[in-house]
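Throughout, a chain's letter reflects where its sequence line sits, starting with A, and its residues are numbered from 1. What's counted below: heavy atoms across the whole structure, side chains too, no hydrogens, waters or symmetry copies.
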There are 2 protein chains.
Amino acid sequence: MPTTLLIVDDDADVLKAAAAALAATADRVETAATPETLIARPEAYDAVLLDMNFAIGARDGAEGLDVLDRLQAADPALSVVLMTTYGGVSLAVQALKRGAADFVLKPWRNEPLAEAMRAAMALTAERRASGRALNLDDLEKRSIERAMLLYDGNVSHAAAALGLTRPALYRRMERHGL
Amino acid sequence: MPTTLLIVDDDADVLKAAAAALAATADRVETAATPETLIARPEAYDAVLLDMNFAIGARDGAEGLDVLDRLQAADPALSVVLMTTYGGVSLAVQALKRGAADFVLKPWRNEPLAEAMRAAMALTAERRASGRALNLDDLEKRSIERAMLLYDGNVSHAAAALGLTRPALYRRMERHGL
DNA sequence: GCCGCGGTGTCCGGAATCGGACACGTGCCG
DNA sequence: CGGCACGTGTCCGATTCCGGACACCGCGGC
């Protein structure tokens, strides 16, 4: 599956530089001057690098946070990396608490940026996979594995925690190949 | 259930000030000069306010991150708020990405700090509640609710996504009282 | 109109699951 | 040692759950 990155910034030079820096990180790198295309089709991308300030002179990042919120609503699995020039600690904290995958300052160094985007794409992939897996069977398997780990191998306790009887747990473990 | 906060800092004055600021936020507020008691009994607390620098002169926050990691391993549900004087954006980003609930700079303002700790306690409570619920029955119920929301009420599609047949979904919904 | 399509809600015989019970192993304490 | 608490692994009759099938409904299109 080809991977696609989107970079959103109102400064054409920034777009160009970022696209160049990330060209080798994903199969496709798109750029946009506004978040509109992004909000319309968030599922088309594997990760987004998003500038926080669009209005001229804006520097409090409110717009970036707003776009972030709307993206989360539209596609909770998509990882968003925020970037800004005027970033303070409190802005970074807000961004991450609101669900940004990472936060980078302009100007950036290319290698760490690429690394961050790689991590973001991986996170998106993971979340999309586990989101699709609201498959009950699969979910049951994971829970059983967690429970067995948590009670390190003690079948009786794990069964109790999972809310079923010990024979039932044996059966289900076998069914899942554990 | 009485709520308990722990504040960890190597500076006695900081401990005193923070304890005073948070006295009204939780039922009990404990203080400690080192993270040791914390690592030994993380489940005794509902949230932790943790200084990032213990070695004299240390200011890169590595110790705080290290303690954070160990805490996550010991009790993943416990919310940790990190604080530091020498914090830069990158340190804040690292802290949050590693799972800190929030990140505050010294000196702090009392009201936002109290608010942050309240939020952290709420988060801990939530995570503890849903952590206990590795109960399969309960988990199945939540998944079904999610699926029904996602396919807004379409039973057939929801059933397909959950990996079971439509009659089966009807039965389980009834069993869960939905 | 009327057919096809995609949806809902329900039925029932056969198959799978349930859980109490059993046999057994192991470590601990009086 | 004997008792006992706690664990595992397995058996089997009763119970439950499964899912294909059926009847029905509302809607768009020829």
Applied to residues 34-45 of chain A, the salt bridge (charged side-chain N to carboxylate O under 4.0 Å, His left out) test, sequence neighbours excluded, yields none

As a check of understanding: the bend across the helix from dG1(C)-dC30(D) to dG30(C)-dC1(D), end axes from five pairs, rounded to 10 degrees, works out to 20°

*asked:* Is it the case that the side chain of Arg127(B) and the backbone of Ala77(B) share a donor-acceptor pair, with hydrogens and angles ignored and the cut-off at 3.5 Å?
replied: yes

In whole angstroms, the gap separating P of dT17(C) from CG of Asp137(A) amounts to 10 Å

- Task: Report yes if a donor N or O on one partner sits less than 3.5 Å from an acceptor N or O on the other, where the partners are the side chain of Arg166(A) and the base of dG19(C); otherwise report no.
- Result: no

May I ask you to evaluate whether Asn154(B) reaches the phosphate of dG6(C), defined as a side-chain N or O under 4.0 Å from OP1 or OP2?
no

Check: Going by heavy atoms in the side chains, are Phe103(A) and Val80(A) under 4.5 Å from each other?
Finding: no

OP1 or OP2 of dC18(C) versus the side-chain N and O atoms of Arg172(A): is any pair under 4.0 Å? yes

Whole-Å distance, Glu174(B) CD to dT8(C) P, equals 16 Å

The first and last nucleotides of DNA chain D lying within contact of chain A, meaning any atom under 4.0 Å from one of its heavy atoms, run from dG7(D) to dT10(D)

Rounded to whole Å, CG of Asp152(B) lies from P of dT8(C) at a distance of 11 Å

Next on the checklist: If the cut-off is 4.0 Å, is His157(B) near the phosphate of dG7(C), judged by side-chain N/O to OP1 or OP2?
Outcome noted: yes

So salt bridge (charged side-chain N to carboxylate O under 4.0 Å, His left out) across residues 163-172 of chain B, not counting sequence neighbours, yields Glu140(B)-Arg172(B)

In this structure, CE of Met83(A) is separated from CG of Asp51(A) (nearest 0.5 Å) by 5.0 Å

Residue pairs meeting side-chain hydrogen bond (donor to acceptor under 3.5 Å, both in side chains), one or both in residues 93-105 of chain A, sequence neighbours left out, come to Asp69(A)-Arg98(A), Lys97(A)-Asp102(B), Asp102(A)-Lys97(B)

Here the distance between atom P of dT17(C) and atom CG of Leu162(A), to the nearest Å, is 17 Å

Sorted by chain and residue number, the side chain to side chain contact (heavy atoms under 4.5 Å, CB included) partners of Thr124(A) (sequence neighbours excluded) come out as Leu78(A), Ser79(A), Arg128(A)

* Return no unless some side-chain N or O of Arg171(A) is found under 4.0 Å from OP1 or OP2 of dC18(C). => yes

Practice problem: List the steps, then state whether side chain to side chain contact (heavy atoms under 4.5 Å, CB included) holds for Leu49(B) with Leu113(B). | Solution: CA-CA 10 Å; Leu49(B) 180 59; Leu113(B) 177 66; 4.2 Å; yes

The residue, Leu164(A) or Pro167(B), whose nearest nucleotide of DNA chain C is more 5′ is Pro167(B)

To the nearest 0.5 Å, atom CG of Leu105(A) lies from atom CG of Leu82(A) at 11.0 Å

